[in-house]
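In what follows, a single structure is set out as structure tokens and then discussed.
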Amino acid sequence: MQTDRIYLRRWQESDAEALYTYASDPDVGPRAGWPPHQSVAESREVINTFFNNSTTWAIVWKETDEPIGCIGYYTHDSSNISIGENDCEVGYWIGKPFWNRGICTEALQLIINYCLEKRHFDNIWADHFIGNPASGRVISKCGFHDTGTLNTCSHLLGGDKEEVSVYILRSADYCQEPETIQTTTEQ
């Protein structure tokens, strides 16, 4: 899956240093609900434990061929929120040097296309901490609608104190813009 600037691929153990570069920033992880990484070894463990699956991808900056963030989806059984059995929840983060450049919007659009066209989910859900409105803008740009629901996610760092806003994208309402997104699944 790719656009002109990024492509998504599976995480590799050799990505640990690049992951640590961005995941150690104290402004990144807490906005997504996890603590900053403390070492390259911890980043390697995260790759092997949490990212080594068929629903999580590295967001790779084509210019440097380096992972700069992460995106994926959770099914009904592992979602942060209560969703239908044929629904999924998406989540993402990106390194601070790449904030406010539209990269998360591109990556999220790729995952939406994949989840609807390849996995045939009925609905895609997303949420963001209310203190992270930039993530809410990404979600809205990709066609999600605010449900008006606030939820706590106690398993996320800070999730028992700060609520998340919950959004939905119904497959029946989805309309992609093919001229801006090129999707391939070879990567």
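Heavy atoms only: backbone and side chains are in, while hydrogens, waters and symmetry mates are out. All values derive from a computational prediction rather than experimental measurement.
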Check your understanding: Hey, does the side chain of Asn86 reach the backbone of His120 with a donor-acceptor pair shorter than 3.5 angstrom?
Key -> yes
Check your understanding: So Arg5 and Glu106, salt bridge (charged side-chain N to carboxylate O under 4.0 Å, His left out) or not? Walk me through it.
Key -> CA-CA 9 Å; Arg5 301 188 299 170; Glu106 289 179 29; 2.6 Å; yes
Review point. Members other than Val40 in its cluster, when Ile, Leu, Val, Met, Phe, Trp, Tyr link by side-chain heavy atoms under 4.5 Å?
Key: Tyr20
Exercise for review: Go through the structure and list residues passing side-chain contact (heavy atoms from CB on, under 4.5 Å) with Gln12, not counting sequence neighbours.
Suggested key: Arg9, Ser14, Asp15
Study note, to complete from the structure: Taken in chain and number order and not counting sequence neighbours, the residues that satisfy side-chain contact (heavy atoms from CB on, under 4.5 Å) with Ser39 are Ala41, Glu42
Review point. Pairs in or reaching into residues 64-74: which pass side chain to side chain donor-acceptor pair (under 3.5 Å), with residues at least two apart or in two chains?
Key: Tyr7-Asp65, Tyr22-Glu66, Tyr73-Arg119
Exercise for review: Sequence neighbours left out, what passes side chain to side chain donor-acceptor pair (under 3.5 Å) with Thr21? Give chain and number order.
Suggested key: none
Exercise for review: Might you point out which heavy atoms bring Leu169 and Gly143 nearest each other, and give the distance in Å?
Suggested key: CD1-O, 3.3 Å
Point to revise | Residue pairs involving residues 94-104 (criterion salt bridge (charged side-chain N to carboxylate O under 4.0 Å, His left out); sequence neighbours excluded) | key: Asp27-Lys96
Check your understanding: When you measure from the side chain of Glu117 to the backbone N and O of Cys115, does any donor-acceptor pair fall under 3.5 Å?
Key -> no
Review point. Below 4.5 Å, heavy atoms only, C-beta onward: do Ile124 and Ile168 meet side chain to side chain?
Key: no
Exercise for review: Locate the shortest heavy-atom distance separating Cys142 from Ile112; write the atom from each residue and the value.
Suggested key: CB-CD1, 3.6 Å
Practice item. Could I get the full list of side chain to side chain donor-acceptor pair (under 3.5 Å) partners for Glu13, not counting sequence neighbours? Key: Asn48
Revision key, fill the gap. The reported gap from CD1 in Ile71 to CD1 in Ile94 (rounded to nearest 0.5 angstrom) is 8.5 Å
**Study point:** Side-chain donor/acceptor of Thr49 to backbone N/O of Glu45, under 3.5 Å
**Key:** yes
Practice item. With sequence neighbours left out, write down each residue that passes side-chain contact (heavy atoms from CB on, under 4.5 Å) with Asp146, or none if nothing qualifies. Key: Tyr167
Point to revise | Backbone N/O of Ile6 and side chain of Thr3: donor-acceptor pair under 3.5 Å | key: yes
Check your understanding: Can we call the ring centroids of Trp57 and Tyr114 under 6.0 Å apart?
Key -> yes
Point to revise | Pairing residues for Ser54 by the side chain to side chain donor-acceptor pair (under 3.5 Å) criterion, not counting sequence neighbours | key: none
Practice item. Output, in order, the C-alpha distance, side-chain angles, deciding distance and verdict of side chain to side chain donor-acceptor pair (under 3.5 Å) for His37 and Ser24. Key: CA-CA 4 Å; His37 292 197; Ser24 61; over 6 Å; no
Exercise for review: Identify, with sequence neighbours excluded, every residue that meets side-chain contact (heavy atoms from CB on, under 4.5 Å) alongside Cys70.
Suggested key: Trp11, Phe51, Thr56, Trp93
Revision key, fill the gap. For Thr147, the side chain to side chain donor-acceptor pair (under 3.5 Å) test, sequence neighbours excluded, returns Thr149
**Study point:** Residue list, salt bridge (Lys or Arg N to Asp or Glu O under 4.0 Å) with Asp87, at least two apart or on another chain
**Key:** none
Practice item. Search all heavy atoms of Asp127 against all heavy atoms of Val166 and return the closest pair with its distance. Key: CB-CA, 4.2 Å
